Structures are given as structure tokens and as C-alpha cells.
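I have placed the structure first, in the form of C-alpha cells, so that the comments after it can refer back to it.
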Amino acid sequence: MTNPLAAGSLSGKNVLVTGSSRGIGADTIRYFAGAGANVVINYRNKEARAVKLADEVRALGVQALVVGADLTDPASVAAMFATTKTELGDLDVLVLNASGGMESGMAEDYAMQLNRDAQVSVVEHALPLLRPGSRIVFVTSHQAHFIRTTPTMPEYVPVATSKRAGEDALRAKQDQFDAAGVEFVVVSGDMIEGTITATLLERANPGAISSRKESAGRLYNVGEFAAEVASAAVDPIPEDHTRYVGDTSDFIAE
């Protein structure tokens, strides 16, 4: 993928992407760094990948922090932003990319803890660092965004309902964002080929991804969707604060 952001267009800007040691988050980091931004790479348990990514983007001449944090632990989140403030100062972009809920061996309410409660916690800790004119980007899926009107596959329901709850909780903060001069946009994408979620869904429901691909005509890959997420940090925000990526014709709007 060609970087959708112009070289040097984010020089001097500071960006934090949650869940960015691999996949969509890692490619989003690459695009931001390629445009000159200093980046904070957050991981939960993929430290080696995060360190390797940091070394890669530092070669572009930007600062890259590697900060491990369990987003469901407020103390861990507070420590992440304390480190960010010490090393970089303020933030210009916060991308809420981390999500989950299909992992095995987690608590029954883990999806809601991560996809709703942790998103709100991260934003509340980030707000003191976000400069006027900065932007928060919340990454979700069509299957979650439209869950109240369009059913999804049973295996994905806990993720979809909790991510929609997280989206709603953040949208409810719009007045607070406006008062702080912070912009907010949701990026809603169709199923993405090559992600952990797609792999888990295909394992639980064989044929699910190919079926969705046939219905949609095409599915974005990781690099393509990451380019949309990076672009959402700088492009004009749609009136409904929602950027749709991929086909939405099979989904019913509220």
C-alpha cells in the first residue's frame, strides 16, 4: 500500500495507537511515521513485535515509544499516558484500535471490559494530553456498528454488542470533546481479510469470511483498512462522525 498521508505532513505531531504491535494497528503506525509523526506503539503481550516495529519506524527519523499496557487495568493505562507525557508531551492523534472478545480463557464479561469500559478509560486518561485541534479515532466494524438493526454471526455477537456499547459511550462524550477542542470520528469497516478476528471467526464458523466477501464484492485487507484509519485522522469528519469503509448495502441503518 502507498502511504495515504503525504511525506512530512505530520512532522512534529505525536500519535498513539492502541493495539499497534501487529495487524491494522502496526500498519497505521507505519503510515503515521512515514508522514513524519512521532508514534507511541501500545501492546498487551507482543513486546518483541512492538520493539521490532519501533526500530523500523525510527529509521524514518521519528521518535517511537514502546509502551506495554493492559487497557482493562486503569493503573496500567495511567502509566502508559504518564510515560507518553514524559517522553513526548502532548498528543495530536489517539487511535482506539485495540479490541477483542473472542479470546479463549477470558472472563465472561471481558469483551465489555475491553471494548466499552477500557475505551472510555483510555480516552479519559488521554484527554489531558490531547491538544486543541487533536483527534480521536475509534475503530469498529460494520457488524458492530449496525448490530442493533442487522444480525451478525453468533460467534461475533459478544464482540459486536460490546464494541457498539463502546462507540455509544464515546459518542455520549461529544460535548466534552467539543469543550476541549478535540475532534472525534468513528471508522466502521467491513470484515478485514488477514486479521486475528477474521481468523477466529473462520475457525468457529467455516466459510464465514468467504461468504461475506461474496456478498460484499470485496473485502479490504489489513494494509488497505489501515490506510483508511490513518486518513481518518486528518480528513474532514463526516457530518455523522462516521467514516464507512467497504460495502454497507447489507446493513440496515437505525
Side-chain angles (χ1 to χ4, degrees), residues 1-2 4-5 17-19 23-25 27-28 31 93 95-102 111-112 114-116 119 135-174 177 183-202 204-254:
M1 271 295 298
T2 302
L5 308 177
V17 181
T18 64
I24 293 165
D27 277 356
T28 305
Y31 294 139
V93 178
V95 178
L96 300 168
N97 169 71
S99 67
M102 294 187 67
M112 198 65 77
L114 178 59
N115 298 329
R116 182 193 62 189
Q119 307 303 315
R135 188 173 295 189
I136 299 170
V137 180
F138 177 74
V139 181
T140 190
S141 65
H142 293 345
Q143 289 74 15
H145 179 72
F146 292 102
I147 189 59
R148 292 199 292 257
T149 53
T150 308
T152 189
M153 57 197 78
E155 298 84 359
Y156 193 66
V157 168
V159 178
T161 54
S162 58
K163 283 191 69 66
R164 181 67 217 207
E167 178 183 336
D168 291 343
L170 293 176
R171 287 184 186 274
K173 289 181 167 290
Q174 188 64 60
F177 297 155
E183 299 172 337
F184 175 70
V185 63
V186 172
V187 179
S188 177
D190 208 335
M191 289 294 176
I192 310 299
E193 290 188 298
T195 62
I196 298 299
T197 297
T199 300
L200 292 174
L201 280 174
E202 189 66 24
N205 190 344
I209 303 304
S210 58
S211 175
R212 179 61 201 146
K213 185 175 183 177
E214 182 178 349
S215 178
R218 73 175 289 251
L219 295 179
Y220 281 62
N221 63 33
V222 169
E224 291 171 331
F225 185 66
E228 293 287 337
V229 173
S231 296
V234 298
D235 286 351
I237 296 176
E239 188 174 346
D240 63 353
H241 291 265
T242 311
R243 181 185 182 110
Y244 294 103
V245 181
D247 180 64
T248 60
S249 61
D250 289 340
F251 299 91
I252 302 170
E254 293 182 46

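In this text the structure is predicted, and so the values were computed from the model without any measurement. If you read the sequence from its start, that first residue is 1, and numbering goes on from there. All heavy atoms count here, side chains included; hydrogens, waters and symmetry mates do not.
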Here the gap from E167 atom CD to F184 atom CZ, rounded to the nearest 0.5 Å, amounts to 6.5 Å
On a heavy-atom basis, the closest approach of T28 and A226 is OG1-CB, 3.5 Å
Would you find a donor on one side and an acceptor on the other, under 3.5 Å apart, between the side chain of T242 and the backbone of V186?
-> no
Is there side-chain contact between R148 and D168, with at least one heavy-atom pair below 4.5 Å?
-> yes
Exercise: identify the closest heavy-atom pair between S141 and Y156 = OG-OH, 2.9 Å
Rounded to the nearest 0.5 Å, the NZ atom of K173 sits from the CD1 atom of I136 at a distance of 9.0 Å
Close side-chain approach of V229 to V95, heavy-atom, < 4.5 Å = yes
Could you tell me which non-hydrogen atom of A233 sits nearest to which non-hydrogen atom of V93, and how far apart they are?
-> CB-CG1, 3.9 Å
For the atom pair CG (D240) and CZ (R171), what is the distance rounded to the nearest 0.5 Å?
-> 6.5 Å
Any donor-acceptor pair under 3.5 Å from Q119 side chain to A98 backbone | yes
Report the C-alpha separation of K163 and F138 in whole Å, then their side-chain angles, then the decisive distance to 0.1 Å, and conclude whether the side chain to side chain contact (heavy atoms under 4.5 Å, CB included) test is met.
-> CA-CA 10 Å; K163 283 191 69 66; F138 177 74; 4.2 Å; yes
Does the pair F225 and D27 meet the rule for a side chain to side chain contact (heavy atoms under 4.5 Å, CB included), with working shown?
-> CA-CA 9 Å; F225 185 66; D27 277 356; over 6 Å; no
Side chains of V157 and T152: closer than 4.5 Å at any heavy-atom pair?
-> yes
Taking all heavy atoms of P158 and all of A111, pick out the closest pair and write down the distance.
-> O-CB, 3.7 Å
Just by modelled atom types, is the T140 backbone N or O under 3.5 Å from a matching donor or acceptor in the S188 side chain?
-> no
Close aromatic pair by centroid cut-off 6.0 Å: H145 and F251 = no
Without swapping roles, check the side chain of N115 against the backbone of G100 for a donor-acceptor pair under 3.5 Å.
-> yes
Check whether any side-chain N or O of Y31 sits under 3.5 Å from a backbone N or O of E228 as a donor-acceptor pair, and report yes or no.
-> no
Got a donor-acceptor contact below 3.5 angstrom from the T150 side chain to the I147 backbone?
-> no
In Å and rounded to the nearest 0.5 Å, what is the CZ to CZ distance from R164 to R116?
-> 14.0 Å
Value rounded to 0.5 Å, distance of CG in D250 from OG1 in T248 = 9.0 Å
Which atoms form the tightest heavy-atom contact between I252 and F146, and what is the distance?
-> O-CD2, 3.5 Å
Kindly give the heavy-atom pair with the smallest separation between S99 and L114, and that separation in Å.
-> C-CD2, 3.5 Å
